[in-house]
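So the structure is just underneath, and the comments pick up after that.
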Amino acid sequence: ALLSNIFLNMISQTLQIKCMLFIFEEPKTYVFEKMVCIKSGVSYWKYFNGEDYTEKDKQKVRQTEEWLGEKVCAKTSKSRIIDKAHSLAELLICIAEAKASYGLDVVFIDRLEYLRDYAYEDINQVVYILKKLAVRLDIAVLATAYLARSKRDFPITCRIKNKYILRTADKIMILNRPEVLATAEELESEHIVKGAAELNIIKNYTGACGFISLKFDGSTMRFYEPENDYDEYEHEE
């Protein structure tokens, strides 16, 4: 969801940033529908079940589907949602061809660990190759990976067992949503703020490290800054 939010932000810019999003876990149609909900602000439940689905909601969804379709599905589009690269080799070829054909600025890879079953190298080598590719092609590569849950008081940097990745990546951010690990008692006592999220920037080669507070709306899968009104986010281009 976080990667989809960033992807939508980038393709909404007037600079027409060229992006590619690789999805390994979910079909492309589902990712498209999820992005429609994020962008329109209409809950996923309404979108699929039609309950309390007002004419205003329908209009928002219709307009968003058209907008997103032009951005990522039209033949003239320079941004893509791709779910067909099932190996590291296919991924590299697809990125190189896109860069050569129409230019490319940012590549998004959802769940990097899914490449391990297809690549002959281990995950260390995958990260190394992607870093070299980014430098050679002058592009940014944003990849997510699942971090196994553990006790919340365990030092976050110690949870990144792969120190090679820690050294290789230019930027590393850990997304933490306390309510996911909260006990029923903690939720009832309201010690855990519902929807609270936090980005912990533990490495930043070109800037500062620290914490960024966010809010997550599970119904629309939106991440947004707590001080920003929902409508302000919705109409931001």
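- Pairing each heavy atom of A1 with each of I38, the nearest pair is O-CD1, 4.4 Å.
- Y30 has its ring centre less than 6.0 Å from the ring centre of Y44.
- A salt bridge links K58 with E55: the closest approach of a Lys/Arg side-chain nitrogen to an acidic carboxylate oxygen falls below 4.0 angstrom.
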Checklist entry - Going through the checks in order, is the salt bridge (charged side-chain N to carboxylate O under 4.0 Å, His left out) test met by D138 and K99? => result CA-CA 10 Å; D138 190 25; K99 178 68 175 182; 5.5 Å; no
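- Shown here are the ring-ring contact (aromatic ring centres under 6.0 Å, His included) partners of Y128, two or more places apart in sequence or in another chain: there are none.
- A perpendicular orientation is assigned to the rings of F7 and F108, their planes being inclined by more than 60° (bins at 30° and 60°).
- The number of heavy atoms from other shown groups lying within 6.0 Å of NZ (K194) does not exceed 12.
- Partners of F211 according to the side-chain contact (heavy atoms from CB on, under 4.5 Å) rule, which considers only residues two or more places apart in sequence or in another chain, are E198, N200.
- Remark: D170 engages K131 in a salt bridge, criterion side-chain N to carboxylate O under 4.0 Å.
- Within the 4.5 Å cutoff, the side chain of C94 has heavy atoms near those of the I82 side chain.
- Atom NZ in K34 sits 4.0 Å away from atom OG in S4 (nearest 0.5 Å).
- Looking at heavy atoms from C-beta onward, I129 lies in side-chain contact with L92 at the 4.5 angstrom threshold.
- Here CD of E65 is found 10.5 Å from SG of C73. Values are rounded to the nearest 0.5 Å.
- Under 3.5 Å, the side chains of K46 and T54 contain no donor-acceptor pair of N or O atoms.
- Residues T220 and D217 bring a donor and an acceptor atom of their side chains to less than 3.5 Å of each other.
- Here the closest non-hydrogen pair linking I139 and L104 is CG2-O, 3.2 Å.
- Under the side-chain hydrogen bond (donor to acceptor under 3.5 Å, both in side chains) criterion, D110 pairs with T144, sequence neighbours left out.
- Side chains of V61 and Y53 form a contact here, defined as non-hydrogen atoms less than 4.5 Å apart.
- Within 6.0 Å of NZ on K132 lie no more than 12 heavy atoms contributed by other residues, nucleotides or ligands.
- Here the CG-CD1 distance, from L68 to I81, works out to 5.5 Å after rounding to the nearest 0.5 Å.
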Next on the checklist: Working note: V72 + M20, criterion side-chain contact (heavy atoms from CB on, under 4.5 Å); need CA distance, chi angles, decisive distance, verdict.
Outcome noted: CA-CA 9 Å; V72 301; M20 294 182 74; over 6 Å; no
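- V36 is not listed as a side-chain neighbour of V42, based on a closest heavy-atom distance of 4.5 Å or more.
- Side chains of M173 and N204 form no contact here, defined as non-hydrogen atoms less than 4.5 Å apart.
- Contact annotation: the side chain of I95 approaches that of F22 to within less than 4.5 Å [non-hydrogen atoms, C-beta and beyond].
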